[in-house]
Amino acid sequence: MKIKAINGVKDILSDEIVYWQKIEKTARDIFRRFGINEIRLPILEKTELFARSIGEATDIVEKEMYTFVDKGITMRPEITASLLRAYVEHGLQVRQPIQRLFSIGPVFRHERPQKGRQRQFHQVDVEVIGAQEPQVDAELMAMGQMLLNELNLDVSLEINSLGCPECRPDFRKKLIAYLHERHDSLCDDCKRRIEKNPLRVLDCKQQGCRAMVQEAPSIVDNLCSACEEHFAAVRKQLDRLEVSYTLNRFMVRGLDYYNRTTFEFLTTDLGAQAAVAAGGRYDGLVEQLGGPKNTPGIGFAMGMERLCLLMQQQEGQQEEQGGADIFIAALGEQAIAFAAPFVHQLRKLGLQAAMDYSNRSLKAQMKQAGRLKAGFTLIIGEQELEQGRGILRNMDTQEQNEFSLQEGAAMLAEVIAPDKA
RNA sequence: GUGAGCGUAGCUCAGCUGGUGGUAGCACCGGGUUGUGGCCUCGGAGGUCGUGGGUUCAAGUCCCAUCGUUCACCCCA
């Protein structure tokens, strides 16, 4: 019985890794421009951290966490909580009142896997802690859009406001009352949601619920004046930054800590998994985790596997893996003995150099060189070794020249890759 | 947790109403080229048809179970 990877996790093989590297490289470059610094966080945290931040009654906490019950430790189902924990723990606010941080890594949720959804997946997470201005909300969305644009991805931005502890309870009551009146026309899931998470009904995919929800009271029409003002300013700023978006009055969040601005970057190309990035404001969460009072915050996370899928899917984008600078084909034990240190020297000089020790036929070695996408092949046989001259073949042009082995690796590097040597 | 589909070579898949598993494609190895890759050509290796039962003279094919997997629901990046 072969041992296979467990359900919901995936090996990322090297031909796919180019997409991951591109995402990370692009993200890091953009974060640099926006003054967002990296922070690396543990994957394991006290279970309580997630229960308190994400919410005891959320699906994530209730049934999706990988928890070592006997140790009270959980593998993070998201990054925001960990990042805020670190912020509070190290008192980062005293170094710089507004902290702009990002973190990249795996997160874990025990859900049934499907397209674009795994049990171990990876997020690029960005948080701006300590700034309450609506311009920050807009800036973050503009940055998200810039990032996705630079990855050549075609996505749309939807935004909404969820209000705050001032206005949401009233709206919630209003909505519950509305839903109760129409209880019979709701789907079974939504009947259940009325008490548990009434806002969720707004986001239901069932036709019947959808139609009914059109007439339902919407959050944006029931914001308190402070929230309304904030949201209006966010939208105004988005316009100034020329970020196009649509208002989705029915967008809600699955995590309890969100308030005011929420947003999602969506695609129609990933089946049921529309959101490639999502986030929102969480004023109050930092305080709730023991941090300074009235610390606002906002952030979002991007799903890396979803981005990878999209990159591969949209416009057949393909990332090419770079090839070797040179392959040394050595024929015979003596040539192999000579070539090995030569290859080592080339590597020291910064070139990607390769050879094969198994003394295979030249044909086989040429084939291998081709597979490695080598720019050049240096052929060293018994004869060449005796004469001190290798045959240097340009693999693209098929041109061949003699190369005097006495000239050494540095000269060879100069010839084949002057930019690297 | 719920529902549906699919498990045949490393990968992608044929295999009809049951009758000996395919010169299949890609990839791999070797020959054609006594020492030259990609293209071509010839050959080779690679499988207990997911597993366990059942029906049958006979099961990759039908039935049941089980495991795995995919998609969808729930939920979410």
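Quantities reported herein were computed from a predicted structural model and do not represent experimental measurements. Proteins come first, then strands; the chains are lettered A, B, ... in the order of their sequence lines, and each starts at number 1.
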Send over the distance from [X] [atom1] to [N] [atom2], rounded to a whole Å.
| X | N | atom1 | atom2 | value |
| --- | --- | --- | --- | --- |
| L309(A) | C71(B) | CG | C1' | 14 Å |
| L331(A) | G35(B) | CG | C1' | 6 Å |
| M366(A) | U33(B) | CE | C1' | 13 Å |
| L362(A) | G37(B) | CG | P | 8 Å |
| D203(A) | C75(B) | CG | P | 8 Å |
| R306(A) | C71(B) | CZ | P | 12 Å |
| R119(A) | A77(B) | CZ | P | 17 Å |
| L83(A) | A77(B) | CG | P | 16 Å |

Among all residues two or more places apart in sequence or in another chain, which pass the salt bridge (Lys or Arg N to Asp or Glu O under 4.0 Å) test with [X]?
| X | value |
| --- | --- |
| R253(A) | E264(A) |
| E384(A) | none |
| R347(A) | none |
| D188(A) | K191(A) |

Margin query: Which is more 5' along RNA chain B, the nucleotide nearest K4(A) or the one nearest L255(A)? Just name the residue.
Written below: K4(A)
Checklist line | Residue met sooner reading RNA chain B from 5', once A301(A) and G381(A) are mapped to nucleotides | finding: G381(A)
Next item on the list: Look up atom CG in L392(A) and atom CD1 in I380(A), then write down how far apart they are to the nearest 0.5 Å.
Entry: 10.0 Å
Next item on the list: Please determine which of L41(A), L92(A), D125(A) meets the side chain to side chain contact (heavy atoms under 4.5 Å, CB included) test together with L101(A).
Entry: L92(A)
Check: Which pairs pass side-chain hydrogen bond (donor to acceptor under 3.5 Å, both in side chains) with one or both residues in residues 130-146 of chain A, sequence neighbours excluded?
Finding: R100(A)-E139(A), D137(A)-H230(A), D137(A)-T261(A), D137(A)-R281(A)
Between [N] and [M], how far is it from one [atom1] atom to the other, in whole Å?
| N | M | atom1 | value |
| --- | --- | --- | --- |
| U70(B) | A45(B) | C1' | 31 Å |
| C62(B) | U8(B) | P | 15 Å |
| G43(B) | U48(B) | P | 25 Å |
| C29(B) | U69(B) | P | 31 Å |
| U61(B) | U55(B) | C1' | 13 Å |
| G7(B) | U51(B) | P | 14 Å |
| G50(B) | G60(B) | P | 10 Å |
| C73(B) | U17(B) | P | 33 Å |

[Y] and [X], any side-chain heavy atoms less than 4.5 Å apart:
| X | Y | value |
| --- | --- | --- |
| V18(A) | M311(A) | no |
| L412(A) | Q345(A) | no |
| M75(A) | F68(A) | yes |
| E382(A) | L331(A) | no |

Note to self: Applying a 3.5 angstrom cut-off to the pairing atoms, does RNA chain B sit in any stems of at least three consecutive Watson-Crick or G-U pairs? List them by first number.
What the structure shows: B:1-7 with B:67-73, B:10-12 with B:24-26, B:28-32 with B:40-44, B:50-54 with B:62-66
Notebook entry, point to check: Are any side-chain N or O atoms of R119(A) and backbone N or O atoms of E111(A), one a donor and one an acceptor, separated by less than 3.5 Å?
Noted result: yes
Checklist line | Check: T47(A) side chain, G72(A) main-chain N or O, donor-acceptor pair, under 3.5 Å | finding: yes
Margin query: Taking CZ in R40(A) as the centre, count heavy atoms belonging to other residues, nucleotides or ligands within less than 6.0 Å. Is the count above 12?
Written below: no
Note to self: How about CD on Q334(A), more than 12 heavy atoms from neighbouring residues, nucleotides or ligands closer than 6.0 Å, or not?
What the structure shows: no
Next item on the list: Show the numbers, then the answer: is there a salt bridge (Lys or Arg N to Asp or Glu O under 4.0 Å) between D29(A) and K25(A)?
Entry: CA-CA 6 Å; D29(A) 182 47; K25(A) 190 169 169 236; over 6 Å; no
Over all strands shown, is [X] touching base, sugar-phosphate only, or nothing at heavy-atom distances under 4.0 angstrom?
| X | answer |
| --- | --- |
| A369(A) | nothing |
| E62(A) | nothing |
| Q400(A) | base |
| A364(A) | sugar-phosphate |
| G271(A) | sugar-phosphate |

Using the 3.5 Å cut-off, write out each protein N or O paired with an N or O of nucleotides 38-42 of chain B and the distance between them.
unit_1, atom_1, unit_2, atom_2, d
G38(B), O6, Q398(A), NE2, 2.5
G38(B), N1, M395(A), O, 3.4

Check: Taking only residues two or more places apart in sequence or in another chain, which ones pass side chain to side chain contact (heavy atoms under 4.5 Å, CB included) with N394(A)?
Finding: F376(A), D396(A), T397(A), E399(A)
Margin query: Can you list everything that forms a side chain to side chain contact (heavy atoms under 4.5 Å, CB included) with E407(A)? Sequence neighbours excluded, please.
Written below: F403(A), S404(A), M411(A)
Next item on the list: Specify the residues of residues 46-54 of chain A, ordered by number, for which at least one heavy atom lies under 4.0 angstrom from an atom of RNA chain B.
Entry: none
Under 3.5 Å, which protein N or O atoms sit close to an N or O of nucleotides 43-51 of chain B? Give each pair with its distance.
none

Look at the side chain of [X] and decide which nucleotide, out of [options], has an atom nearest to it.
| X | options | result |
| --- | --- | --- |
| Q114(A) | G68(B), C73(B), G35(B) | C73(B) |
| K115(A) | C71(B), C75(B), A77(B) | C71(B) |
| N7(A) | G30(B), U70(B), C74(B) | U70(B) |

Notebook entry, point to check: Side-chain donor or acceptor of Q365(A) under 3.5 Å from a matching atom on the base of U36(B)?
Noted result: no
Taking only N/O atoms, report every protein-nucleotides 1-6 of chain B pair under 3.5 Å with atom names and distance.
unit_1, atom_1, unit_2, atom_2, d
U2(B), O4, R112(A), NH1, 3.2
U2(B), O4, R112(A), NH2, 3.3

Checklist line | Distance test, side-chain N/O of R371(A) to OP1/OP2 of C29(B), below 4.0 Å | finding: yes
Note to self: Taking K63(A) first and then D59(A), would you say they form a salt bridge - that is, a charged N and a carboxylate O separated by under 4.0 Å?
What the structure shows: yes
